[in-house]
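It should be emphasised that the depicted structure is a prediction, and the values quoted were computed from it without experimental measurement.
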Amino acid sequence: LEMAPIGRDALVFLVNKKNPVDSLTRQEIVDIYSGKTTNWKDVGGNDAEIIAYQRQLVSGSQTLMNKLVMKGTPMAEAPAKKIIGGMGGLVDAVAVYDGAENAIGYNVYYYVSRMKLDENIKLLAVEGVEPSNETIASGDYPFVNDFYVVIRADAPAGSPERILFDWMQSEDGQKLVAHEGYV
């Protein structure tokens with residue numbers, strides 16, 4: 001296969017806007033999701049239990065969580081009610097469900113910033129760096145992931161797949177990626 005990066009997204013962490021925590025370190029996130037840290041007061045918040053929502057094992061967000069954040073550290077086993085199937089369900093859980101002000105979850109930046117905007121959530125900074133198009137593009141935000149256009153390596157010049165592959169990397173193709181809200 002021949003592949004080329006054409007854009008970038010990021011795994012972001014979201015909390016209810018009532019949560020006073022604005023930033024976590026990488027280690028604090030690992031400690032929360034491994035079950036080591038269970039109270040917000042231990043990371044600068046209120047004295048309240050952390051409700052750490054997870055995604056299903058087969059979700060892209062969960063794959064990114066394991067790849068970019070946990071890096072081999074086992075995640076705490078979550079009760080079924082804290083494992084959210086849909087991307088929108090996770091945003092809703094953090095935004096408005098009972099105890100939402102004590103919840104934390106994760107999702108991809110594109111989804112929560114472009115598709116499922118909710119005034120009741122805020123995105124956390126990681127290591128003091130807020131997720132934005134600029135910090136994701138520069139790699140300053142720590143949990144970024146490129147996405148690719150992929151074709152068979154033996155695709156002949158002039159074939160539809162080769163034409164599209166080349167176009168996605170061109171200035172016009174990159175304008176489309178940006179127009180659609182991707183970094």
Side-chain angles (χ1 to χ4, degrees), residues 1-15 17 22-27 29-30 33 53-73 75 83-95 104-183:
L1 297 176
E2 186 176 343
M3 36 192 262
I6 59 165
R8 188 173 262 189
D9 206 346
L11 185 71
V12 296
F13 292 85
L14 47 141
V15 295
K17 70 178 182 181
D22 292 321
S23 182
L24 292 171
T25 67
R26 291 172 186 238
Q27 190 59 53
I29 294 168
V30 170
Y33 278 98
Y53 286 102
Q54 297 182 27
R55 293 294 313 281
Q56 293 175 316
L57 288 176
V58 296
S59 76
S61 301
Q62 188 61 42
T63 300
L64 289 176
M65 179 67 166
N66 291 328
K67 173 185 169 185
L68 301 174
V69 180
M70 300 307 285
K71 296 181 178 179
T73 300
M75 291 184 71
I83 298 176
I84 308 294
M87 295 169 80
L90 187 131
V91 174
D92 291 341
V94 173
I104 184 171
Y106 48 89
N107 218 317
V108 291
Y109 178 74
Y110 179 84
Y111 185 76
V112 296
S113 67
R114 300 282 297 193
M115 297 177 70
K116 182 70 175 174
L117 304 173
D118 192 305
E119 64 188 26
N120 294 306
I121 65 163
K122 67 178 174 180
L123 301 182
L124 293 177
V126 177
E127 304 289 348
V129 179
E130 293 184 17
S132 68
N133 283 16
E134 294 76 25
T135 61
I136 293 168
S138 70
D140 290 339
Y141 182 78
F143 303 129
V144 298
N145 191 64
D146 290 338
F147 57 91
Y148 297 82
V149 59
V150 181
I151 61 171
R152 289 175 49 124
D154 62 354
S159 66
E161 60 269 32
R162 177 67 62 189
I163 291 169
L164 180 59
F165 181 82
D166 293 341
W167 184 82
M168 289 300 301
Q169 298 172 72
S170 73
E171 185 178 334
D172 285 342
Q174 288 297 287
K175 283 180 184 176
L176 176 63
V177 170
H179 174 75
E180 292 302 317
Y182 288 101
V183 179

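- Counting heavy atoms from C-beta outward, Tyr106 and Phe143 have side chains that stay 4.5 Å or more apart.
- By the salt bridge (charged side-chain N to carboxylate O under 4.0 Å, His left out) test, Asp22 is found to be paired with Lys122, residues two or more places apart in sequence or in another chain being considered.
- Contacts of Tyr33 classified as side-chain hydrogen bond (donor to acceptor under 3.5 Å, both in side chains), with partners at least two apart in sequence or in another chain: none.
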#### Entry: Candidate pair Tyr109 and Asn133, rule side-chain contact (heavy atoms from CB on, under 4.5 Å), full reasoning
CA-CA 9 Å; Tyr109 178 74; Asn133 283 16; 3.2 Å; yes
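- Under the side-chain hydrogen bond (donor to acceptor under 3.5 Å, both in side chains) criterion, Ser132 pairs with Glu134, Thr135, sequence neighbours left out.
- Between Ile136 and Val144, the closest side-chain pair of non-hydrogen atoms falls below 4.5 Å.
- Not counting sequence neighbours, Glu130 has no partner by the salt bridge (charged side-chain N to carboxylate O under 4.0 Å, His left out) test.
- A side chain to side chain donor-acceptor pair (under 3.5 Å) check over residues 148-161, counting only residues at least two apart or in different chains, returns the pairs Arg152-Asp154.
- Atom-to-atom distance recorded for Arg55:CZ and Asn107:CG is 6.0 Å, nearest 0.5 angstrom.
- Arg26 and Glu127 get closest at one heavy-atom pair: N-OE2, 2.8 Å.
- A distance of 6.5 Å separates CG in Leu14 from CG in Leu123, rounded to the nearest 0.5 Å.
- Residues meeting the salt bridge (charged side-chain N to carboxylate O under 4.0 Å, His left out) test with Asp166, sequence neighbours left out: none.
- Atoms CD1 and CG, from Ile29 and Leu68 in turn, are 11.0 Å apart once rounded to the nearest 0.5 Å.
- Residues Leu24 and Val126 are not in side-chain contact: their nearest non-hydrogen atoms beyond the backbone lie 4.5 Å or more apart.
- The side chain to side chain contact (heavy atoms under 4.5 Å, CB included) check on Ser23 picks up Ala125, with sequence neighbours excluded.
- Residue pairs meeting the salt bridge (Lys or Arg N to Asp or Glu O under 4.0 Å) criterion with at least one partner in residues 137-149, sequence neighbours excluded, are Arg8-Asp146.
- Legend: residues meeting ring pair (Phe, Tyr, Trp, His ring centres under 6.0 Å) with Tyr141, ordered by chain and number and at least two apart, are absent.
- A donor atom on one side chain and an acceptor atom on the other are not found under 3.5 Å apart for Lys71 and Asn66.
- With sequence neighbours excluded, the residues forming a ring pair (Phe, Tyr, Trp, His ring centres under 6.0 Å) with Tyr182 are Tyr110, Phe147, listed by chain and number.
- When all heavy atoms of Val108 and Val12 are compared, the closest pair comes out as C-CG2, 4.2 Å.
- For the side-chain hydrogen bond (donor to acceptor under 3.5 Å, both in side chains) test, residues two or more places apart in sequence or in another chain that qualify with Arg162 are Glu2.
- Shortest non-hydrogen contact noted between Leu11 and Ser61 is CD1-O, 3.9 Å.
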### Task
Show the numbers, then the answer: is there a side-chain contact (heavy atoms from CB on, under 4.5 Å) between Asn145 and Lys67?
CA-CA 10 Å; Asn145 191 64; Lys67 173 185 169 185; 2.7 Å; yes
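- To the nearest 0.5 Å, the span separating CG on Leu64 from OG on Ser59 amounts to 8.5 Å.
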Distance-only check: which donor-acceptor pairs under 3.5 Å involve side-chain atoms of residues 167-174, not counting sequence neighbours?
unit_1: Gln169; atom_1: NE2; unit_2: Phe165; atom_2: O; d: 3.1
unit_1: Ser170; atom_1: OG; unit_2: Trp167; atom_2: O; d: 2.6
unit_1: Ser170; atom_1: OG; unit_2: Asp172; atom_2: N; d: 3.4
unit_1: Ser170; atom_1: OG; unit_2: Gly173; atom_2: N; d: 3.2
unit_1: Gln174; atom_1: NE2; unit_2: Ile6; atom_2: O; d: 3.0
unit_1: Gln174; atom_1: NE2; unit_2: Met168; atom_2: O; d: 3.0

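- Nearest approach of Leu124 to Pro131, heavy atoms of both residues: O-CD, 3.4 Å.
- Taking CD from Gln54 and CE from Met65, the interatomic distance works out to 7.5 Å, rounded to the nearest 0.5 Å.
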